[in-house]
Amino acid sequence: MIDTQSRMTQHPIWLGLAALMVMFHLGLIFWGLVPNLVSRPLHLAFVLPWVFVFAAKSRAQLISGGVLTVLGGASALWIALNHDMLGDQYGFLEGGFQTAVALTLLVCVIEAARRAIGWPLPLVAVAALGYALFGDAIPGEFGHSGTPLPSFLGTMTIAEGGIWGSLTAVSVGVVSIFVIFGAVLNAGEAGQGFMNVAAAAAGRLKGGAAKVSVISSALFGSISGSASANVASTGAITLPAMTKLGYPKRLAAAVEAVASSGGQIMPPLMGAGAFVMVELTGVPYTSIMGAAILPAVLFFFAVWMGINAYASRFKLRGIDASEQPATRDVVITSGFFLVPFSVLLWGMFGSGYTPQYAACMAILAGAVLLMFNREARFDGTQFAARLSSALMNAARQIGMIASIIFCASIIIGVLSITGLGVKITSLILSGSGGLLWPSLLLTAIACLVLGMEVPTTAAYVICVSVAGPALIQQGLEPLQAHLFVFWFALLSTITPPVCGAVFIAAGMIGENWIKVALTAMALGVGLYVIPLGMIANPDILRLAETPMAALLAFLRMAVGLAVLSYGLIALSALYAKVCVGLLGLAIVMSGVVF
């Protein structure tokens with residue numbers, strides 16, 4: 001076993017490659033339009049070294065990864081250099097060389113995803129390719145009429161219907177930009193700023209250390225795009241603080257896991273999910289924010305009420321005044337995230353720029369702030385280290401997420417080419433008897449399974465591509481269906497058997513993960529209930545259009561969630577938990593305040 005990453009992290013070649021990768025993605029936004037068959041293949045060419053070589057864990061992986069990087073990168077560059085010629089072929093391969101390029105790209109994309117996240121998603125992609133090639137032999141409704149091999153492979157690899165399709169466009173122009181934004185903020189004092197603001201706001205309250213974790217994780221998680229990364233970052237500070245004050249380990253870890261998961265549903269960024277939703281739905285960003293804000297606040301309200309219930313049981317103390325951050329520190333460090341966020345929001349709303357362009361300006365503002373330490377003093381040496389960290393983390397995260405999206409693009413391409421997507425929609429409709437709530441249950445299960453292996457945003461994109469049309473056909477508004485899927489794509493972060501955020505928090509604090517998972521599910525009950533409440537109370541998504549109706553729905557669901565959290569956590573008798581919990585659920589779902 002070789003520790004490739006530790007040896008390569010400081011290598012100037014990797015730092016230079018990371019800088020080129022970041023400059024390429026920023027340049028796409030700043031310097032005008034680039035043909036899709038240029039920008040998207042170059043995106044893949046930049047991604048492959050980080051997945052195949054940088055992340056190699058053995059000599060065999062390093063050697064094979066180097067070969068795949070050269071072959072896949074050369075194939076992608078050939079596509080970019082010959083995009084004009086390929087555009088005239090209309091997705092039809094000509095000759096053995098082009099077929100070899102197509103097969104090389106598909107193999108590299110599938111293997112990159114396997115190395116990034118394991119077998120499940122690549123196996124689905126292989127199965128999808130098998131269906132496309134041999135599905136014409138399947139009798140009945142789920143067969144297809146067949147597609148000539150040059151046409152199918154060409155559509156998947158030299159046209160914009162496969163690995164260069166709309167999902168890849170989201171990866172190039174949206175996800176990558178906000179990954180860079182998050183990496184720049186994380187490299188500086190923004191994380192400490194989140195912690196200081198949270199400590200000043202809630203540190204002295206009952207259960208204050210846990211509430212600091214909730215607030216800081218909500219702020220940090222909105223930009224991180226990963227519940228696991230959020231746990232690792234904010235948990236390094238909040239977990240020791242909670243254990244020092246005598247909080248049970250399972251509770252401390254559960255609070256951090258739940259709050260970190262909820263950060264991805266918190267506006268304004270939602271871990272870049274908001275901007276992916278803009279691309280997929282065509283709904284303006286402001287409308288998505290108006291729809292997403294009240295459910296997100298409800299989630300953290302439910303967690304807050306759960307902490308209050310636990311505080312009564314375990315006598316959880318707040319943070320001593322002597323350990324609170326000084327006002328000067330709060331003001332200075334808060335600027336490290338307030339300035340970039342202000343630039344982002346001004347760019348979108350004040351100047352009318354696209355979210356991507358506004359994010360690029362915010363990245364530049366955040367990069368300037370890397371020059372200063374938490375005492376607001378210039379520190380050149382620290383700036384160099386922070387900039388290197390931001391570039392390397394951005395490149396690694398883009399590589400991991402893009403490898404997943406490229407693989408998912410194979411699946412989406414097959415669904416489109418063969419018509420399987422329409423057939424799956426039909427299957428969901430028929431399997432649910434044409435009823436909405438059974439369809440929602442099937443969709444929730446699919447989101448849980450998908451979310452076990454891929455990040456939230458990728459799981460959302462895949463699942464909504466398959467299940468979204470069925471939900472919309474049954475009467476849901478597009479934004480309602482997309483938010484429902486996006487929320488349930490988070491389930492696997494705290495729900496066994498995978499529960500990635502729980503595993504990391506439990507490992508950091510040294511507690512049994514099953515105990516942490518059970519506590520996290522009780523604290524994070526809103527993650528399971530609020531998406532259903534959004535369907536039963538659609539007014540809560542209409543804050544911009546009907547604010548009074550939205551606030552009434554918010555209050556009704558808040559009462560129900562408070563009752564539900566109290567029943568699950570504060571009561572000890574099982575029958576009492578069930579009765580009070582069902583009462584809370586009824587309030588959330590029925591629209592009746594008792």
Side-chain angles (χ1 to χ4, degrees), residues 262 265-267 270 277 281 283 287-303 305-306 428-429 431-448 460 463-464 467-491 495 521-522 524-568 578-594:
I265 55 175
M266 188 68 186
M270 298 163 63
M277 208 171 290
T281 63
V283 176
S287 298
I288 290 176
M289 289 302 93
I293 184 64
L294 292 183
V297 172
L298 275 178
F299 173 81
F300 287 102
F301 168 77
V303 177
M305 297 302 294
I428 293 173
L429 292 172
S432 62
L435 301 175
L436 176 61
W437 291 99
S439 295
L440 293 172
L441 176 61
L442 291 174
T443 302
I445 294 172
C447 289
L448 174 61
Y460 150 68
C463 200
V464 84
L471 298 181
I472 293 169
Q473 280 190 38
Q474 293 187 331
L476 294 189
E477 298 173 2
L479 187 53
Q480 201 177 12
H482 278 253
L483 282 171
F484 176 87
V485 172
F486 187 76
W487 272 65
F488 270 121
L490 270 173
L491 284 182
T495 307
M521 292 171 70
V525 66
L527 194 59
Y528 304 88
V529 174
I530 293 172
L532 301 175
M534 290 190 290
I535 307 301
N537 303 274
D539 284 340
I540 197 169
L541 304 180
R542 298 168 183 155
L543 180 63
E545 297 84 9
T546 55
M548 287 305 299
L551 291 174
L552 287 174
F554 173 84
L555 292 174
R556 178 168 59 246
M557 291 177 64
V559 170
L561 287 167
V563 172
L564 182 56
S565 292
Y566 177 83
L568 287 175
V578 171
C579 291
V580 176
L582 288 176
L583 174 62
L585 184 61
I587 296 173
V588 171
M589 298 298 295
S590 69
V592 177
V593 179
F594 294 90

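The figures that follow rest on heavy atoms only: side chains count, while hydrogens, waters and symmetry mates do not. Computed from a predicted structure; not experimentally measured.
- In terms of heavy atoms, Ser565 sits closest to Ala302 at OG-O, 3.5 Å.
- Listed here is the closest heavy atom pair of Gly526 and Pro531: O-CD, 3.7 Å.
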| Test log, rule side chain to side chain contact (heavy atoms under 4.5 Å, CB included), inputs Leu527 and Thr495 | CA-CA 10 Å; Leu527 194 59; Thr495 307; 5.9 Å; no
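- From His482, atom NE2 reaches atom CD1 of Ile472 across 5.0 Å, with rounding to the nearest 0.5 Å.
- Here the straight-line distance linking atom OH of Tyr528 with atom CG of Leu564 works out to 12.0 Å at 0.5 Å rounding.
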| task | Please lay out, stage by stage, how Met277 and Tyr460 fare under the test side chain to side chain contact (heavy atoms under 4.5 Å, CB included). | result | CA-CA 9 Å; Met277 208 171 290; Tyr460 150 68; 3.3 Å; yes
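- Summarising the geometry of Ala553 relative to Asn537, their closest heavy-atom pair is CB-CB, 4.2 Å, with the distance given to 0.1 Å.
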| Can you check side chain to side chain contact (heavy atoms under 4.5 Å, CB included) on Ile265 and Ile530, steps first, answer last? | CA-CA 12 Å; Ile265 55 175; Ile530 293 172; over 6 Å; no
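- With values rounded to the nearest 0.5 angstrom, Ile293 atom CD1 is found 4.5 Å from Met266 atom CE.
- Taking CD1 of Ile535 as the reference point, atom OG of Ser439 lies at 11.0 Å (rounded to 0.5 Å).
- Side-chain contact between Leu483 and Leu541 is present, with heavy atoms from C-beta onward closer than 4.5 Å.
- Taking all atoms of both residues into account, the shortest heavy-atom contact from Ala291 to Leu479 is CB-CD2, 3.6 Å.
- You'll find the side chain of Met305 stays beyond 4.5 Å of the side chain of Leu561, heavy atoms only.
- Rounded to the nearest 0.5 angstrom, Ile445 CD1 and Leu440 CG are separated by 11.5 Å.
- Scanning both residues, Arg556 and Ile587, for their nearest heavy atoms gives O-CG2, 3.4 Å.
- Within the model, atoms CG of Asp539 and CG of Leu551 stand 10.5 Å from one another, a figure rounded to the nearest 0.5 Å.
- Between Val588 and Gly533, the shortest heavy-atom contact is CG1-CA, 4.1 Å.
- Tested against Phe484 for a ring-ring contact (aromatic ring centres under 6.0 Å, His included), the candidates Phe488, Trp487, Phe486 yield a single pass: Phe488.
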| said: Could you walk me through whether Val485 and Thr443 satisfy the side chain to side chain contact (heavy atoms under 4.5 Å, CB included) test, starting with their C-alpha distance in whole Å, then the side-chain angles of each, then the deciding distance to 0.1 Å, before giving a yes or no? | reply: CA-CA 7 Å; Val485 172; Thr443 302; 3.9 Å; yes
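- Put simply, the side chain of Leu585 reaches to within 4.5 Å of the side chain of Val529, judged on heavy atoms.
- Surrounding CZ of Phe300 are more than 12 heavy atoms belonging to other residues, nucleotides or ligands, all under 6.0 Å away.
- When side chains are defined from C-beta on, Gln480 counts as touching Pro538, because their heavy atoms get closer than 4.5 Å.
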